Amino acid sequence: MEEANVSEAKNGTVGVASAFPAHQGEIEDKDQKFIAQAVEEAYKGVESKDGFPFGAVIVRNDHVVVSCHNMVWFDTDPTAHAEVTAIREACKKLNKVDLSDCEIYASCEPCPMCLGAIHLSRIKKLVYGARAEAAVAIGFDPFIADALRGTGLHQKACMEIKKVEGSGAEQVFQKTKHMFTLPYNTP
């Protein structure tokens with residue numbers, strides 16, 4: 001059996017190519033198929049005036065669980081991004097909060113909020129179409145791309161950020177930890 005081809009990109013990410021070229025083609029075709037559906041959702045969101053041009057598709061076992069678009073205007077909710085909306089809908093549909101057996105396809109690179117939601121839902125794979133800079137190029141807030149790249153995060157925030165010392169807020173974690181189990185620290 002041939003070994004997988006491992007390559008390291010300039011940004012430190014690691015890519016693994018399949019040892020079987022035909023399998024690699026299947027993966028690329030699947031990615032293209034679901035990204036195309038996410039892009040179609042992005043168009044739907046704008047055409048319906050529900051929100052901005054972003055779409056997301058959550059897939060489980062190569063089948064679409066949900067296909068959603070940005071719902072910020074429709075829901076009057078700045079957190080109703082396509083990825084967050086898709087995660088909410090997938091969790092309801094599958095009746096669980098752990099989506100570790102799912103993949104998400106997003107029309108654009110997720111913002112930090114969406115990336116956090118993807119991480120917290122334990123989705124195993126993220127595939128996106130456009131880089132955040134494509135959205136910035138048409139007028140979206142550059143704070144998002146800066147946050148993703150680590151460039152000027154706090155300098156461009158439009159709010160004051162302050163931590164209060166001595167509030168006792170840290171104690172809530174210690175006092176309640178016996179009441180729940182987190183997936184990150186289970187045996």
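These numbers were taken from a predicted model, which means no experiment stands behind them.
- Under the side chain to side chain donor-acceptor pair (under 3.5 Å) criterion, Lys33 pairs with no residue, sequence neighbours left out.
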CA sep, side-chain torsions, deciding dist, call: Asp31, Lys125, side-chain contact (heavy atoms from CB on, under 4.5 Å): CA-CA 11 Å; Asp31 290 349; Lys125 179 181 176 185; 3.3 Å; yes

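- Closest approach of Pro53 to Ser107, counting heavy atoms only: O-OG, 4.1 Å.
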Trace of the side-chain contact (heavy atoms from CB on, under 4.5 Å) decision for His119 with Arg122: CA-CA 5 Å; His119 172 75; Arg122 313 306 285 168; 3.8 Å; yes

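- Hydrophobic side-chain contacts under 4.5 Å tie Val72 into a cluster, directly or through other members, with Phe52, Phe54, Trp73, Ile138, Phe140.
- Within the 4.5 Å cutoff, the side chain of Ile58 has heavy atoms near those of the Ile87 side chain.
- At least one donor-acceptor pair under 3.5 Å links the side chain of Asp98 to the backbone N or O of Ser100.
- Residues that satisfy the side chain to side chain donor-acceptor pair (under 3.5 Å) test with Thr76, not counting sequence neighbours, are absent from this structure.
- With sequence neighbours left out, Glu103 forms a side chain to side chain donor-acceptor pair (under 3.5 Å) with Lys30, Tyr105.
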Candidate pair Arg60 and Cys102, rule side-chain contact (heavy atoms from CB on, under 4.5 Å), full reasoning: CA-CA 5 Å; Arg60 181 177 177 210; Cys102 296; 3.9 Å; yes

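- In the hydrophobic clustering, Val97 connects to no other residue, as no ILVMFWY side-chain heavy atoms lie under 4.5 Å from its own.
- Note on Glu47 versus Lys44: no salt bridge recorded, every NZ/NE/NH1/NH2 to OD/OE distance being 4.0 Å or above.
- Heavy atoms only, all atoms of each residue included: Ala38 and Val57 are closest at N-CG2, 3.6 Å.
- Val127 and Val59 fall within the same hydrophobic cluster, where Ile, Leu, Val, Met, Phe, Trp and Tyr residues are linked whenever their side-chain heavy atoms come under 4.5 Å apart, directly or through other members.
- The nearest pair of heavy atoms linking Cys114 to Val84 is SG-CG2, 3.9 Å.
- Rounded to the nearest 0.5 angstrom, Asn70 CG and Asp75 CG are separated by 9.0 Å.
- The main-chain N or O of Arg131 is never found under 3.5 Å from a side-chain atom of Glu109 such that the two would form a donor-acceptor pair.
- Nearest heavy-atom pair across Ser121 and Ile118 is OG-O, 3.0 Å.
- Two different hydrophobic clusters hold Val46 and Met71 under the rule that ILVMFWY side chains link at heavy-atom gaps under 4.5 Å.
- One hydrophobic cluster holds both Ile123 and Val65 under the rule that ILVMFWY side chains link at heavy-atom gaps under 4.5 Å.
- Follow the hydrophobic side-chain contacts under 4.5 Å out from Met113 and you never reach Phe74; the two are in separate clusters.
- Residues Ser48 and His69 meet the side-chain proximity criterion, which asks for heavy atoms closer than 4.5 Å.
- The stretch residues 80-94 participates, sequence neighbours left out, in these side-chain hydrogen bond (donor to acceptor under 3.5 Å, both in side chains) pairs: Thr79-Arg88.
- Contact record, Lys175 with His178: O-CE1, 3.2 Å, taken as the closest heavy-atom pair.
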